[in-house]
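Below is one structure, written out as structure tokens, with a few remarks after it.
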Amino acid sequence: MSFQFTEEQIKRYSRHIILPEVGGKGQEKLLNSKVLVIGAGGLGSPALYYLAAAGVGTIGIVDFDVVDFSNLQRQILHNTSRVGKPKVESAKMTLEELNPDVNVIAHNERIHKGNVLDIIKDYDVVLDGSDNFPTRFLVNDACYFLDKPLVSAAILRFEGQLTTFDYRNKEESPCYRCLFPEPPPPGLVPSCQEAGLLGVVGGIMGTLQANEALKLILDIGEPLVGKLLIFDALGTEFNVVKLRKDKKCPLCGENPVIKELIEYDQESCDIRF
């Protein structure tokens with residue numbers, strides 16, 4: 001039996017449905033899909049907003065922080081009246097008001113070795129907008145072990161970076177550890193509080209993360225697998241460099257030594273690849 005859109009859904013998603021690359025079948029795919037976003041901050045906010053607007057049927061949000069005044073310069077899901085409220089609750093309110101079709105699941109908890117696999121396992125695509133290296137490595141490894149596509153972005157000052165790791169095809173896709181075998185020493189990468197961030201950079205890169213997720217779900221276009229997109233806000237320039245699998249990678253190389261989850265203690269703030 002074919003999927004039956006309501007009259008309201010036909011109006012809401014009309015600009016998708018008239019696209020030959022999407023159509024009714026593609027919109028049905030979106031409504032049946034499940035996307036998890038790690039972090040409801042500078043990257044997660046725009047990514048979540050556009051995923052909900054697009055009609056992604058189930059959206060999970062992982063964040064354990066509360067809304068702060070300093071977030072409002074870039075984290076568009078939140079507002080002044082919600083300062084002090086858990087970010088996942090604020091995000092859920094915004095997304096449900098935008099699109100009641102969407103089932104928003106709030107994971108108001110710190111992601112760690114003991115819960116990451118259970119949180120990720122039921123989702124089709126994972127977006128990482130976290131602000132510290134331990135979480136990034138943990139999410140990467142979990143997605144690798146669960147064969148989940150991972151869209152990873154990072155922002156700092158006037159620069160953003162983005163790539164997609166498609167762990168459904170491990171033979172072709174490099175992994176995060178091909179770039180960084182392990183976290184850098186503490187203090188090597190400046191925090192957002194130390195270096196600053198132009199708020200709009202998060203909006204640009206988070207929106208591009210949503211774009212990658214939609215392409216993966218719809219199986220259209222060319223996701224950034226094996227490519228690193230670098231954005232320079234001051235020059236308004238985008239550059240793409242190739243990423244290659246590292247044969248000596250400790251996770252996906254020819255002789256892997258990482259065969260279970262590792263939890264690092266080191267912490268940082270907004271980071272780049």
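Keep in mind that what you see is a predicted model, and the values were worked out from it rather than measured.
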* Are Asp246 and Lys248 ion-paired here, with the side-chain N under 4.0 Å from a carboxylate O? -> no
* Are Lys29 and Asp219 ion-paired here, with the side-chain N under 4.0 Å from a carboxylate O? -> no
* Is the shortest distance from a Lys or Arg side-chain nitrogen in Glu171 or Lys245 to a carboxylate oxygen in the other one below 4.0 Å? -> no
* Asked: Is any side-chain N of the basic residue among Arg177 and Asp141 closer than 4.0 Å to the acidic one's carboxylate O?
  -> yes
* Mark yes when over 12 heavy atoms from residues, nucleotides or ligands other than Lys85 sit less than 6.0 Å from its NZ; otherwise mark no. => no
* To do: Kindly indicate whether the side chain of Phe231, heavy atoms from C-beta on, has any atom under 4.5 Å from the side chain of Leu208.
  => no
* To do: Supply the atom-to-atom distance Arg74 CZ to Leu43 CG, rounded to the nearest 0.5 angstrom.
  => 9.5 Å
* Are Asn140 and Leu150 side-chain neighbours, meaning at least one heavy-atom pair lies under 4.5 Å? -> yes
* Asked: Is there side-chain contact between Ile120 and Lys148, with heavy atoms separated by less than 4.5 Å?
  -> yes
* To do: Determine, using ring centers only, whether Phe133 and Tyr264 are less than 6.0 Å apart.
  => no
* Is the count of non-hydrogen atoms from other residues, nucleotides or ligands lying under 6.0 Å from Tyr50 atom OH greater than 12? -> no
* Asked: So, Glu89 versus Asn108: side-chain donor-acceptor pair below 3.5 Å or not?
  -> no
* To do: To the nearest 0.5 Å, tell me how far Tyr13 OH sits from Leu30 CG.
  => 8.5 Å
* Asked: Can you find a pair of side-chain heavy atoms, one from Leu48 and one from Leu77, that are under 4.5 Å apart?
  -> yes
* To do: Indicate yes or no: does Lys25 engage Glu28 in a salt bridge with an N to O separation below 4.0 Å.
  => no
* **Which atom of Leu216 lies closest to which atom of Pro223, heavy atoms considered** => CD2-CG, 3.8 Å
